[in-house]
Amino acid sequence: MAGKIRVVVLYGGRSGEHDVSLKSAASVLHHLDRTRFEVIPVSIDKTGRWQWNDLHALDQAHAASLPILPDAPEMRLARGPDGRGALMPITQGAAAPIEIDVVFPVMHGPLCEDGTVQGLLELAEVAYVGSGVLASAISMDKDVAKRLAEFAGIPVAPYHVLTRKAFIQDRTSSLAKAVEGLSLPVFVKPCNMGSSVGIHKVKTWDALGTALDDAFRYDVKVLVEQGIDAREIEVAVLEGETLFSSVASELNPNAHHEFYSYEAKYLDPDGARVDLPARLDAAQMERVRSLATEVFAALECTGFARVDFFLDRQTGKFCFNEINTLPGFTSISMYPKMMEASGVPYGELLTRLVDLALDRHRQRQSLERGYASQSCCVTRINASGAGDGRTS
Ligand SMILES: Nc1ncnc2c1ncn2[C@@H]1O[C@H](COP(=O)(O)OP(=O)(O)O)[C@@H](O)[C@H]1O
Ligand SMILES: [Mg+2]
């Protein structure tokens, strides 16, 4: 094993996309280059329990969906005794901590992709694939992501943000604010969800209140967004010497779905047809590829991301819809398929993502952290014992 890079594949997670993660992770496990990487599969179950799964048993299972093994020992990931990231078994009499080199979080949605897990990995001082805390959190928030994109000159659909607090306090004026300058249909969306959960296409103003009531079940911040007669175009972005954007694809939800809903995404096998490459003319293709890298940069992403756009059928203009910093990674997921169509095969893509993670970690580790210069600022409590313990 000497010389191999230890990669933890982190899968499952506490979001509604737990089951998608199991599929993504099965694919990642299968394609990671075992000649370069020693793979350690660590699952997070729906209650948040971390378990170390036996790789051999998982390999033998050949499952399209990576199981969480019932007897897998519980463990946690933390900064190890020598200051590096390590897996710490938490059952009594268990083995010593195992140092690891890099974590590949193959999980999607809140508490997986939104900077929370990334913050834990930062504290554990371990390299990890994908965006850091800031970019992950920004990208998960549909409002903040759009604001930053707009600030960088990237068009977005007009929308209003409503908070649950204001909506409960004054429903009438919140509803009035929500419709200002917008025309039917509008889309009501919880700010920090995914998989179209809690999203409503509102076709009459009478239906807006009920849609908001439902969306506020999922989030304290909800967007009311101008509905667009749109084609849905996606681009995969990969970091390198320069940012690389893949050939774009188009998702065509089946006509019997009102939009690309949860049902169309996961329950209906004929929910959508994919065009890869998207049927765009050369100028449109170039435009959307360049917008994708602009969004990636504006949101301070690192590693990789899938950037989703609407192409307005009426105006012929693109607008940015959303970004996924840990996109689906099953063998039929759009991110790996778009990269493959652009000349980067799945296995090579994984190797590049791990290398990027290690490189970013090395660069950040080499930064001065300012400990030495702050050593004079020791905590002082005044004679009465009061004070907040800060000296600056
Ligand atoms: N402004 C809009 N105009 C038209 N369709 C929309 C709009 N917003 C969302 N949709 C539809 O809803 C789907 C899900 O919305 P999206 O913002 O991508 O949320 P999610 O993170 O759940 O995928 C989109 O793929 C699209 O079909
Ligand atoms: Mg979407």
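All values below come from the heavy atoms of this structure, side chains included, with hydrogens, waters and symmetry mates left out.
Between Asp281 atom CG and Gln284 atom CD the span is 4.0 Å, to the nearest 0.5 Å. Summarising the geometry, atom CG belonging to Leu77 is positioned 11.0 Å from atom CG belonging to Leu123; distances are rounded to the nearest 0.5 Å. Atoms CG and CE, from Asn324 and Met334 in turn, are 12.5 Å apart once rounded to the nearest 0.5 Å. To the nearest 0.5 angstrom, Lys142 atom NZ is 6.5 Å from Met140 atom CE. Interatomic distance, OG of Ser43 versus CG of Leu69, reported as 7.5 Å (0.5 Å rounding). The structure places CE of Met338 at 4.0 Å from OG of Ser249, a figure rounded to the nearest 0.5 Å.
In summary, Asp143 and Arg147 engage in a salt bridge, as defined by a charged side-chain N under 4.0 Å from a carboxylate O. Salt bridge absent: Glu250 and Arg273 never bring a charged side-chain N and a carboxylate O closer than 4.0 Å. A salt bridge links Lys146 to Glu225: one of the charged nitrogens lies within less than 4.0 Å of a carboxylate oxygen. Using a 4.0 Å cut-off between a side-chain N of Lys or Arg and a carboxylate O of Asp or Glu, Asp33 and Lys4 do not qualify as a salt bridge.
Among all heavy-atom pairs drawn from Ala72 and Gln51, the shortest one is O-NE2, 3.1 Å. Across all their heavy atoms, Ser195 and Tyr266 have their closest contact at OG-OH, 3.0 Å. When every heavy atom of Cys319 is checked against every heavy atom of Ala157, the shortest pair comes out as SG-N, 3.9 Å. Nearest heavy-atom pair, Leu212 versus Val188, reported as atom, atom and distance to 0.1 Å: CD2-CG1, 3.9 Å. Smallest separation of non-hydrogen atoms from Glu239 and Leu356: O-CD1, 3.5 Å. Of all heavy-atom pairs between Val126 and His361, the closest is C-CE1, 3.6 Å.
Within 6.0 Å of CD on Glu300 lie no more than 12 heavy atoms contributed by other residues, nucleotides or ligands. When the shell of 6.0 Å around NE2 of His256 is examined, it contains more than 12 heavy atoms from other residues, nucleotides or ligands. Within a 6.0 Å sphere centred on CZ of Arg279, other residues, nucleotides and ligands contribute 12 heavy atoms or fewer. A 6.0 Å sphere centred on CD1 of Ile332 holds no more than 12 heavy atoms belonging to other residues, nucleotides or ligands. Counted within 6.0 Å of CD on Glu348, heavy atoms from surrounding residues, nucleotides or ligands total more than 12; the atom is thus considered enclosed. The environment of His30 atom NE2 is sparse: at most 12 non-hydrogen atoms of other residues, nucleotides or ligands sit within 6.0 angstrom.
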- Take Tyr11 and Asn53 through the test side-chain hydrogen bond (donor to acceptor under 3.5 Å, both in side chains) and record every step on the way to the result. CA-CA 11 Å; Tyr11 67 101; Asn53 295 261; 3.3 Å; yes

- Item | Test log, rule salt bridge (Lys or Arg N to Asp or Glu O under 4.0 Å), inputs Asp101 and Arg6 | CA-CA 5 Å; Asp101 296 303; Arg6 268 202 193 128; over 6 Å; no

- Task: In sequence, state the C-alpha distance, the side-chain angles, and the governing distance for Arg34 and Asp59, and then conclude on salt bridge (Lys or Arg N to Asp or Glu O under 4.0 Å).
- Result: CA-CA 12 Å; Arg34 304 280 177 96; Asp59 280 343; 2.9 Å; yes

- Query: Is there a salt bridge (Lys or Arg N to Asp or Glu O under 4.0 Å) between Asp141 and Lys221 once you walk through the steps?
  - Reply: CA-CA 9 Å; Asp141 186 304; Lys221 195 160 84 156; 3.3 Å; yes

- Message: Go through it in stages, so that I can follow the logic: the residues are Leu280 and Arg231, the test is side chain to side chain contact (heavy atoms under 4.5 Å, CB included), and I'd like the CA-CA distance, side-chain angles, deciding distance and then a yes or no.
- Response: CA-CA 10 Å; Leu280 300 174; Arg231 293 173 63 187; 4.0 Å; yes

- Message: Please evaluate residues Asp355 and Arg36 with respect to the criterion salt bridge (Lys or Arg N to Asp or Glu O under 4.0 Å), reporting the C-alpha separation (whole Å), side-chain torsions for both, the decisive distance (0.1 Å), and the verdict.
- Response: CA-CA 11 Å; Asp355 285 342; Arg36 279 199 65 194; 3.0 Å; yes

- I would like to know whether Ser24 and Ser21 meet side-chain hydrogen bond (donor to acceptor under 3.5 Å, both in side chains); could you show each step before the answer? CA-CA 5 Å; Ser24 292; Ser21 161; over 6 Å; no

- Message: Between Glu234 and Val307, is the side chain to side chain contact (heavy atoms under 4.5 Å, CB included) condition met? List the steps.
- Response: CA-CA 6 Å; Glu234 308 191 337; Val307 193; over 6 Å; no

- Message: side chain to side chain contact (heavy atoms under 4.5 Å, CB included) for Cys301 and Ser139? Distances and angles first, verdict last.
- Response: CA-CA 8 Å; Cys301 293; Ser139 299; 3.8 Å; yes

- List the steps, then state whether side chain to side chain contact (heavy atoms under 4.5 Å, CB included) holds for Met107 with Arg14. CA-CA 9 Å; Met107 308 188 294; Arg14 292 169 60 197; over 6 Å; no

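Of the possible donor and acceptor atoms, one in the side chain of Thr351 sits under 3.5 Å from a partner among the backbone N and O of Gly347. One N or O on the side chain of Lys177 and one on the backbone of Val161 form a donor-acceptor pair closer than 3.5 Å. Ser342 places a side-chain N or O within donor-acceptor distance of the main-chain N or O of Val247, the cut-off being under 3.5 Å.
Remark: Lys203 pairs with Glu258 by the salt bridge (Lys or Arg N to Asp or Glu O under 4.0 Å) rule, at least two apart or across chains.
Through chains of ILVMFWY side-chain contacts below 4.5 Å, Phe310 is grouped with Ile228. In this structure, Phe187 shares a hydrophobic cluster with Ile199, Phe259, the cluster being traced through Ile, Leu, Val, Met, Phe, Trp and Tyr side chains under 4.5 angstrom apart.
Figure legend: Lys265 and Tyr260 shown as a cation-pi pair, the cationic atom lying under 6.0 angstrom from the six-membered ring centre and within 45 degrees of its axis.
By the 4.5 Å heavy-atom criterion applied to side chains, Val354 and Leu350 are not counted as neighbours. Inter-residue side-chain proximity for Tyr335 and Leu349 is flagged as met; some heavy-atom pair is nearer than 4.5 Å. Side chains of Arg360 and Tyr128 form a contact here, defined as non-hydrogen atoms less than 4.5 Å apart. Ser15 has its side chain within reach of Cys112: a pair of non-hydrogen atoms, C-beta onward, lies under 4.5 Å apart. Here the side chains of Gln226 and Tyr159 are not in contact, with every heavy-atom distance at 4.5 Å or above. Between Met75 and Val42, the closest side-chain pair of non-hydrogen atoms falls below 4.5 Å. Contact check for Leu29 versus Leu55: side-chain heavy atoms found under the 4.5 Å cut-off.
Under the 6.0 Å cut-off for aromatic ring centres, Phe167 and Phe216 qualify, their centroids lying closer than that. Aromatic rings from Phe296 and Phe304 are positioned such that their centres are separated by 6.0 Å or more.
Residue Arg217 is tested with Asp214, Asp213, Asp219 for a salt bridge (Lys or Arg N to Asp or Glu O under 4.0 Å); the sole match is Asp214.
Judged by distance alone, the side chains of Asn252 and Asp275 do bring a donor and an acceptor atom under 3.5 Å apart.
Clustering ILVMFWY residues whenever any of their side-chain heavy atoms sit less than 4.5 angstrom apart, transitively, puts Ile40 in a cluster other than the one holding Leu353.
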